[in-house]
Amino acid sequence: MTEGVTTGGAEAASAPGVPVAHREPTRREHHGDVFIDPYEWMRDKDSPRTRDYVAAQNRLCEARNAHLDGLRRTLFDELKSHVQETDMSVPVRINDYWYYARTQEGRQYAVQCRMRVRGADDWDPPRIDPFGAPGSLPGESIVFDANAEAEGHDFFRLGGMDLSRDGRWMLYGVDTAGDERYDYRIRDLETGEELPETFHGVGSACFTPDARYVFWVELDDAWRPCAVWRHKVGTDVGADVCVYREEDERFWVGIGLSFDERNLVLGTGSKTTTEVLMLPVTDPEGEFQAFIPRRPDVEYDVSFACFENAGEDGSDIPLAVVYHNAKNPNFEIDVIDMRRHEPPYTLGEGVCVAEGSPYGCEHAATAEDRAKAITAPYFNAHNPAILQGLHGLGVEGIAIHRHFVTLAYRADGLPHVAMMPKRAAVEDFLAGRPWRFTELLPPALEDDWDMIADDRDETGDHGETLWAEDWDAGHLGAGGVGAGVGAGVPTDHTSSSDGASDDHLPGETRRLYSIGTGGNPSYDAPRMRYSFTSYTRPGELHEIDPTTGEDRLLKRATVLGGFDPRDYMERRVWIRARDGERIPVSLVWRRDFPAQDSPMFITGYGAYEISSDPNFSVARLSMLDRGVLYAVPHIRGGGELGRAWYEQGRRLNKKHSFEDFVDATAALQHAHLADPRRTVANGGSAGGLLMGAVANLAPGLYAGVEADVPFVDALTSILDPSLPLTVTEWDEWGDPLHDEDVYRYMKSYTPYENLPAADSEGGRAFPRVFVTTSMNDTRVLYVEPLKWVAAMQSRGFDAIAKIEVEAGHGGTSGRYKQWEEVSYENAWCLDVMNLRY
């Protein structure tokens, strides 16, 4: 047992108010294996005893956390003191209007507003008083006030909004239950009146540009978007026509407009296969045609643009930009000259602009590439110069506008953006040479420690030496993870010049940023907008001239209360997992609290190829200002280092995700950066599965675990194809219903079925556990965390649950309610860390 770790033991189980769950054995049998589940009866959501049990758990949670009321109020006040409550977004031009959102002090939701452009060449956003009341300025009108729309509802979420090209008609969808089924309606923005037709309980919807037709997506009983329907505005919804139905239960469908608004684009896809069907908006009652026919285990997407006046006779060259992994598992981008022939096209046709690294990928073309390290430098003659020699390279897309072209890619575990003038792209395309992109680097902060380097070499991230061997992860051993914490390599706890400790871990302190090109909805805009943020630097929106390189700051997020980004530090270190793979870990701390034996909040996800990229959080400041070290291990199963990183953390490799997280925790504690007696782990959804697994694997490393909407009864759910999302999830986790190997593998890690026995004298400690869930969650059903909590409490573990009765997978709605929730959760975490002030 790790000294000082608080455990529930028999004391927690016998405490007043702890509900004793009724045990009613339910037999589950597959592949000759029998599991007796005592709490499956909780799946009956409307049962009085389930409702009573939920209420009892909520009473217990409130009683156990009552002593934190003062800390919660303090945290809420601190968060609120940093926020500019009355504010507005930078206007963005869409057709003939500037659109923007206003927030007002005391109001839960934003108000969507707009003003007409001053003329066809008006690309400078209007100057608007951010403190003015919505709709109060000359020419300003309210498009959608969610505060008014939410009145009378405990939960409210705007699911989507689409506007006609002339700006008169609005199609919008709302969810007032939290179950992610939206009711869509059509509103006349000139009169405020709504048309009689309503599309109830659908997944999404879109207009044709002239607003004469609506295409909407049907959800089946398992919440799968399964079909697309066509509605002619002004007619009975009952007469709508189904234009496409996807019979394969692994596939989801969606519908929208192409970027140039010339085609309706119907996409259908599973986790491993996609297909795109097109229909000209001029023929909305026509038949959708496949742009490229579906191929098993091949993903692709397509967008459209043109090279204006670039043909030999001065005509336009129409282009199709195809993003696919038919030949390269980390994707390539091909640009097709559509003058050559009509659709359908083939994958690999056209000019290759960029290719990702196939190293380490399951489906790499050669055994040599499959065997190479994911982080080996990659060179490819097709690629632009800026992509040569990068590590873990994955290309993510290209966007062609009238005046500029942008390229998004991942390398060294971080997102990147490059750009070039359109004229240069035309020249390179016609000459058949690599395109001359330039990487877009965010500006450094004046008088900061910020390090933005452009001197990449083959050693690693921006010249950083990745693989310095200053410590050895071998101390983890096979006999029990974490057994060697606090022993081994001696550490000198002197502060270095950058505010970090001399911790014997490789890496350097530098800005870890996320960058993207959102905010460019218009094809004709002469300048490109981009945004970036980091763990310590609030988001900024910039506009850059692609020809001159002139960069203009449009908005920097305001953080009040004396915040200075120079007071905080960021660092990327790399630790070695037990199988030898190198795992990047992001660290954040306050500069005047050197990271030495610190309380630590460590969070992870590691699934669905989703990357946990750097982001700024106002709520996080309260932890950092109390000396907490914030850590993010970028574990396998995510997409930080491309497709191979994902493949190594899914299906029969899923345990790598858990082991990476545990090994990162142990490494940071072994280096005396973090104190195991004050370490709290956090994850949500698939990250909640991670939390349950690591608590079972290495309970001595964690004083507490916060698991939000956790997927902890994974095997039971994935065995039931009638449950929401199950069949589509087989591509992610494997199919335990039909594959015994998958069944045995999942059974070996699913948290609910692998809880350790009750604590005993001399036994190992189990961390305190705080669980959040929602009764209307359709992604991870409430029954999973509820059963898990009951099982932990029955073993005497210190586990409590906070259960929302009105919300869904994303928790409560409204910004003040969300601030209250995060303050509640952070107060529990700080209490575990013995930081009760």
Side-chain angles (χ1 to χ4, degrees), residues 259-260 299-307 319-325 327-336 350-358 377-442 452 454 456 461-462 513-521 523 525 527-532 542-547 549 551 611 613 639-643:
F259 182 52
D260 60 5
E299 301 166 66
Y300 80 90
D301 199 3
V302 62
S303 60
F304 299 92
C306 74
F307 285 149
L319 305 172
V321 182
V322 183
Y323 171 77
H324 68 90
N325 65 350
K327 299 186 297 181
N328 188 315
N330 255 327
F331 291 85
E332 69 178 65
I333 299 171
D334 298 328
V335 177
I336 300 173
V351 174
C352 180
V353 175
E355 288 191 45
S357 167
Y378 181 64
F379 297 88
N380 185 303
H382 290 125
N383 280 346
I386 63 166
L387 300 187
Q388 302 297 341
L390 296 186
H391 310 79
L393 173 64
V395 295
E396 296 196 327
I398 191 171
I400 299 178
H401 295 248
R402 181 177 295 277
H403 299 285
F404 57 87
V405 181
T406 64
L407 174 68
Y409 60 100
R410 300 194 66 85
D412 305 310
L414 291 169
H416 298 267
V417 168
M419 61 171 291
M420 65 188 304
K422 179 78 163 285
R423 55 171 175 74
V426 173
E427 293 170 2
D428 293 343
F429 178 77
L430 295 176
R433 62 191 178 213
W435 291 21
R436 292 164 289 172
F437 284 102
T438 300
E439 183 176 4
L440 189 58
L441 296 173
I452 304 272
D454 58 6
R456 300 173 190 268
D461 184 6
H462 288 279
Y513 60 86
S514 296
I515 189 167
T517 56
N520 294 287
Y523 180 80
R527 297 178 295 275
M528 185 193 82
R529 289 186 178 184
Y530 73 93
S531 59
F532 79 92
H542 288 247
E543 191 171 68
I544 189 168
D545 187 309
T547 302
D551 191 308
S611 299
D613 290 327
E640 285 88 343
L641 287 159
R643 178 54 58 97

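Both backbone and side-chain heavy atoms feed into the values below; hydrogens, waters and symmetry mates do not. Being a predicted model, the structure only gives us computed values, none of them experimental.
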With a cut-off of 3.5 Å and sequence neighbours excluded, list every side-chain donor-acceptor pair involving residues 397-406.
unit_1	atom_1	unit_2	atom_2	d
His401	ND1	Ser522	O	3.3
Arg402	NE	Asp524	OD1	2.5
Arg402	NH2	Asp524	OD1	3.2

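- Between Glu355 and Lys327 the shortest side-chain heavy-atom distance does not fall below 4.5 Å.
- Remark: side-chain polar atoms of His416 are paired, donor with acceptor, to backbone N or O of Ala411 under 3.5 angstrom.
- For the atom pair CG of Leu319 and CG of Asp260, the computed distance is 10.5 Å after rounding to the nearest 0.5 Å.
- Side-chain contact between Asp301 and Phe331: absent, with no pair of heavy atoms (C-beta onward) separated by less than 4.5 Å.
- Residues satisfying the salt bridge (charged side-chain N to carboxylate O under 4.0 Å, His left out) test with Asp613, not counting sequence neighbours, are Arg410.
- Proximity of a side-chain donor or acceptor of Gln388 to a complementary backbone N or O of Asn380 within less than 3.5 Å is detected.
- When all heavy atoms of Ala354 and Pro384 are compared, the pair lying nearest together is CB-CD, 4.4 Å.
- For the atom pair SG of Cys352 and CD1 of Ile333, the computed distance is 8.5 Å after rounding to the nearest 0.5 Å.
- A pairwise comparison of heavy atoms in Ala320 and Val302 identifies CB-CG2, 4.2 Å as the closest pair.
- The minimum heavy-atom distance linking Pro415 with Ser514 is given by the pair CG-CA, 3.8 Å.
- Here the shortest heavy-atom pairing between Phe437 and Ala418 reads CB-CB, 3.8 Å.
- Once rounded to the nearest 0.5 Å, the distance linking CD1 of Ile544 with CE of Met528 reads 6.0 Å.
- Considering only heavy atoms from C-beta on, Val353 stays 4.5 Å or farther from Phe429 through its side chain.
- Between Met420 and Asp428, the closest side-chain pair of non-hydrogen atoms falls below 4.5 Å.
- Interatomic distance, NE2 of His542 versus OH of Tyr530, reported as 4.5 Å (0.5 Å rounding).
- Note that NE2 of His382 and CG of Asn328 are 11.0 Å apart. Values are rounded to the nearest 0.5 Å.
- Atom CG of Leu407 sits about 9.5 Å away from atom CH2 of Trp435, to the nearest 0.5 Å.
- Between Ser357 and Leu390, the closest side-chain pair of non-hydrogen atoms is not below 4.5 Å.
- The shortest side-chain heavy-atom distance between Leu393 and Asn383 falls under the 4.5 Å cut-off.
- Without hydrogens or angle criteria, Tyr323 side chain to Val395 main chain gives a donor-acceptor distance under 3.5 Å.
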